[in-house]
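Only heavy atoms go into these numbers, but all of them, side chains included; no hydrogens, no water, no symmetry mates. As the structure lists them, so they are numbered: ligands from 1, and atoms in each ligand from 1. Note that the coordinates shown come from a computational prediction; the quantities given were computed from them, not determined experimentally.
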Amino acid sequence: MTGQRRSAQAETGSVRLRRAEAGDLDFVIATERLPHNELRISQWPRGRHEACLGDPDYAYWLVLDDQGRPLGYAILRGLTDRHGNIALQRISIATPGQGTGRAFLVALADWAFAETACHRFWFDVFTDNAVARALYRAVGFIEEGVQRESIVRADGRRASLALMSTLRPEWQALRAAAV
Ligand SMILES: CC(C)(COP(=O)(O)OP(=O)(O)OC[C@H]1O[C@@H](n2cnc3c(N)ncnc32)[C@H](O)[C@@H]1OP(=O)(O)O)[C@@H](O)C(=O)NCCC(=O)NCCS
């Protein structure tokens with residue numbers, strides 16, 4: 001997709017974003033390994049992050065505070081998908097519950113639909129991740145279904161994943177109604 005490097009920085013109504021670079025991986029990895037993430041997202045080795053950061057199919061984003069310091073990160077995947085499916089591979093906020101994640105998520109979807117040919121912006125979420133699931137529903141994402149007991153998590157237990165998405169016309173309608 002042509003827009004993948006078009007917007008290295010993005011200003012939205014309420015949040016400031018920047019594309020992550022190799023020097024940001026310490027923050028990404030440290031955030032990913034915070035205790036509140038342990039059973040909610042995957043923890044990748046540095047080498048996998050380095051490979052994905054250099055892969056045109058991926059986009060690493062940081063959400064920043066007023067001084068430009070990172071508050072959280074997200075990974076998008078599927079920028080080269082010819083069917084226009086872009087996945088939110090991961091999102092994590094270092095200090096949750098301050099309104100950052102919601103604004104970041106909206107800004108990421110805005111970017112995908114504005115700067116790429118994305119048709120479907122999607123992700124999966126563990127069904128027991130009540131905070132994230134409630135947030136996604138509140139923003140307007142549609143639950144497509146559940147992959148039952150499809151993942152063995154770090155604690156050895158099986159967990160189910162809910163698939164969620166928004167399609168381009170749905171997102172445009174949501175944003176026109178001012179999410
Ligand atoms: C999910 C996550 C990205 C959301 O980011 P955040 O900055 O915490 O979210 P916000 O502060 O914008 O809050 C979003 C909503 O969740 C609610 N919320 C946040 N933390 C909460 C908590 N601990 N308990 C209940 N509700 C909570 C907020 O009240 C808010 O609802 P509102 O918009 O109706 O007020 C973040 O919590 C996180 O990093 N979680 C760990 C990793 C994870 O679960 N990633 C998603 C995997 S799919």
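- Remark: R19 qualifies as a cation-pi partner of W61 under the 6.0 Å distance and 45° angle criteria applied to the six-membered ring.
- Side-chain contact of E144 with S165: a donor-acceptor pair under 3.5 Å is present, judged by distance alone.
- Of the charged side-chain nitrogens involved, at least one lies within less than 4.0 Å of a carboxylate oxygen, so that R18 and D24 count as a salt-bridged pair.
- Under 4.0 Å is where a charged nitrogen must lie from a carboxylate oxygen, and between D57 and R77 no such pair does.
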What are the polar N/O contacts of ligand 1 with the protein below 3.5 Å, with distances?
from     : atom 1 : to   : atom 2 : distance (Å)
ligand 1 : 7 (O)  : G101 : N      : 2.7
ligand 1 : 8 (O)  : G97  : N      : 2.8
ligand 1 : 11 (O) : G97  : N      : 3.4
ligand 1 : 11 (O) : Q98  : N      : 3.1
ligand 1 : 11 (O) : G99  : N      : 2.6
ligand 1 : 12 (O) : G99  : O      : 3.4
ligand 1 : 12 (O) : G101 : N      : 3.4
ligand 1 : 12 (O) : R102 : N      : 2.9
ligand 1 : 33 (O) : R102 : NH1    : 3.2
ligand 1 : 39 (O) : I93  : N      : 2.8
ligand 1 : 44 (O) : N129 : ND2    : 2.7
ligand 1 : 45 (N) : I91  : O      : 2.9

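- Every side chain to side chain contact (heavy atoms under 4.5 Å, CB included) that Q172 has, sequence neighbours left out, goes to R168.
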Audit row: Y60, H49, ring-ring contact (aromatic ring centres under 6.0 Å, His included) steps and yes/no | CA-CA 9 Å; Y60 278 59; H49 279 298; 5.7 Å; yes
